[in-house]
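Structure, as structure tokens:
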Number of protein chains: 2
Amino acid sequence: MKNPEHRVQITKRLLREALTAMLIEKPLSAITVKELCERAQLNRGTFYAHYADVYDLLEQIEAEMAAGFRAALEPILSAAGELRPPAVTKKIFECIEANADLCRVIVGPYGDKEFGRELLRSSKESCLKSCLRFFPSAEPWQIDAYFSFVTGGCYALMECWLREGMKESPERLADAAEKIMEHGIAFLG
Amino acid sequence: MKNPEHRVQITKRLLREALTAMLIEKPLSAITVKELCERAQLNRGTFYAHYADVYDLLEQIEAEMAAGFRAALEPILSAAGELRPPAVTKKIFECIEANADLCRVIVGPYGDKEFGRELLRSSKESCLKSCLRFFPSAEPWQIDAYFSFVTGGCYALMECWLREGMKESPERLADAAEKIMEHGIAFLG
DNA sequence: AAAATAATCGAACACCGTGTTGATTTATGA
DNA sequence: TCATAAATCAACACGGTGTTCGATTATTTT
């Protein structure tokens with residue numbers, strides 16, 4: 001006895017795959033429901049049976065991605081108490097490498113800016129929370145500034161890495177990120 | 001004898017003001033020529049006399065902004081040889097503060113992602129060129145990584161600063177950015 | 001294997017914004 | 001005042017949207 005919604009799942013998967021594929025070459029605003037359905041080999045009416053418009057579809061894809069990231073990071077972060085920060089950073093870069101296709105879409109030129117910002121914002125929050133107690137003497141705005149800087153820096157580093165074809169290993173990237181965060185320009189010995 | 005294209009300039013200014021105002025609350029993809037012209041109190045036909053579509057208008061606005069940035073930064077950068085890096089950074093943050101309205105639109109949720117990326121890319125390039133010779137022992141990818149990180153970090157810092165209402169002075173921001181770039185987490189003494 | 005169910009399809013529909021055109025009105029400068 | 005150039009207005013075909021049918025197909029149940 002298969003899932004009675006088996007066909008629906010296939011339909012949704014086809015639409016998601018078509019949209020992510022199209023987002024590699026066009027911004028969402030240039031993607032029409034018509035073309036999307038042609039690509040997915042689906043009737044246009046079928047699209048409207050499941051989604052209100054392309055933005056609705058993207059939202060659901062992003063929610064799924066966010067859940068996927070949380071699921072992938074959860075074992076890493078739950079073990080973070082026992083691991084040293086470099087190991088956590090390394091695991092995160094490995095996670096990005098393993099999901100490079102999706103990450104490229106998100107971070108690439110036509111990825112949703114707000115989705116990236118939200119990712120940044122939430123990672124800044126977690127870093128801030130877990131590190132706040134270590135810097136009792138710093139002013140709040142300085143702590144905020146530092147974590148804005150380093151999360152933005154890591155994001156830019158990841159973006160550059162994905163764009164350039166991930167020639168370096170996740171280990172080296174994580175190592176670089178850690179060293180820059182800790183010691184600044186001394187990284188370039 | 002006024003400029004014979006006086007009326008055209010007014011029309012264009014009205015359209016630019018209307019678009020930048022609307023970009024505070026909506027993404028470009030949600031802005032129609034119809035609504036734009038209603039807001040600018042202009043006939044729709046008049047818009048098409050000057051621009052092909054809203055993207056064309058935005059491109060021209062961005063080109064104007066980019067020229068404005070270059071003009072504002074030119075005296076700073078041309079004097080950079082005589083100034084120490086912290087002074088340059090300070091002047092850049094002052095420049096951002098002076099043009100906060102426009103910067104907020106660019107960097108805000110509905111600003112053009114590609115425009116920001118292009119700004120980042122070109123500032124990374126200039127930093128890279130002017131600093132390359134100081135690090136003969138570092139591998140090329142490390143230099144690339146460092147400057148990706150710090151330009152992305154500065155961008156994120158600026159974004160955060162603008163979003164939070166610019167409570168700190170440009171001097172403090174510049175000082176923070178310099179210290180983080182140079183010494184990393186030691187900034188949070 | 002046949003019937004029942006649910007999803008997809010295909011076609012038609014009104015709606016709205018687009019981009020263009022041509023005639024008309026308004027403002028500017030000579 | 002007159003000539004010129006720009007803004008206005010109305011109308012147009014076009015294309016994508018979102019909806020609604022009934023028909024068709026695939027899956028599950030009996």
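All values reported here derive from a predicted model rather than from experimental measurement. Quick note on labels: first sequence line is chain A, next is B, and so on, each numbered from 1.
- Atom-to-atom, CG of A:Leu14 to P of C:dA7 comes out at 16 Å; the value is rounded to the nearest Å.
- No continuous path of ILVMFWY side-chain contacts below 4.5 Å connects A:Trp161 to A:Leu102, so the two sit in separate hydrophobic clusters.
- Looking at the side chain of B:Arg7, the nearest of the listed nucleotides D:dT27, D:dG18, C:dT28 is C:dT28.
- A:Thr151 and A:Lys124 get closest at one heavy-atom pair: CG2-CA, 3.7 Å.
- Of the listed nucleotides (C:dT26, C:dC9, C:dA7), C:dC9 has the atom at the smallest distance from the side chain of A:Asn43.
- When rounded to the nearest whole Å, the span between CD of A:Glu35 and C1' of D:dG15 equals 13 Å.
- Atoms NE2 (B:His6) and P (D:dA6) sit 13 Å apart, rounded to a whole Å.
- In this structure, CG of B:Leu36 is placed 20 Å from P of C:dC16, rounded to the nearest angstrom.
- Of the charged side-chain nitrogens involved, at least one lies within less than 4.0 Å of a carboxylate oxygen, so that A:Arg172 and B:Glu139 count as a salt-bridged pair.
- Contact check on A:Arg39 versus A:Glu25 returns a salt bridge, with a Lys/Arg side-chain nitrogen under 4.0 Å from an Asp/Glu carboxylate oxygen.
- Distances from the side chain of B:Lys34 to the nucleotides D:dG16, C:dT18, C:dC9 place C:dT18 closest.
- For the pair A:Leu42 CG and D:dG18 C1', the computed distance is 17 Å after rounding to whole Å.
- At least one side-chain nitrogen or oxygen of B:His50 sits closer than 4.0 Å to the OP1 or OP2 atom of D:dA7.
- Ion pairing between a basic and an acidic side chain is recognised when a charged N comes within 4.0 Å of a carboxylate O; A:Arg117 and A:Glu114 show such pairing.
- Set against D:dT19, D:dT8, C:dC9, the side chain of A:Tyr48 has D:dT19 as its closest nucleotide.
- Within residues 17-32 of chain B, no residue is approached by DNA chain D to less than 4.0 Å at the level of any non-hydrogen atom.
- A salt bridge does not link A:Lys179 to A:Glu182: none of the charged nitrogens lies less than 4.0 Å from a carboxylate oxygen.
- A residue-by-residue look at B:Val54 and A:Gly45 shows that A:Gly45 has its nearest nucleotide of DNA chain C further toward the 5' end.
- The nucleotide whose nearest atom lies closest to any side-chain atom of A:Thr46 is, among C:dG19, C:dT8, D:dT17, C:dT8.
- A straight line from OH of A:Tyr51 to P of D:dG16 spans 22 Å, rounded to a whole angstrom.
- Atom pair B:Lys12:NZ and D:dA7:P shows a separation of 10 Å (rounding to whole Å applied).
- Nearest-nucleotide assignment on DNA chain D puts the 5′-proximal partner with B:Thr11, out of B:Thr11 and B:Arg44.
- Note on A:Lys129 versus A:Glu125: no salt bridge recorded, every NZ/NE/NH1/NH2 to OD/OE distance being 4.0 Å or above.
- Taking atom CD on B:Gln9 and atom C1' on C:dA27, their separation rounds to 16 Å, with Å as the unit.
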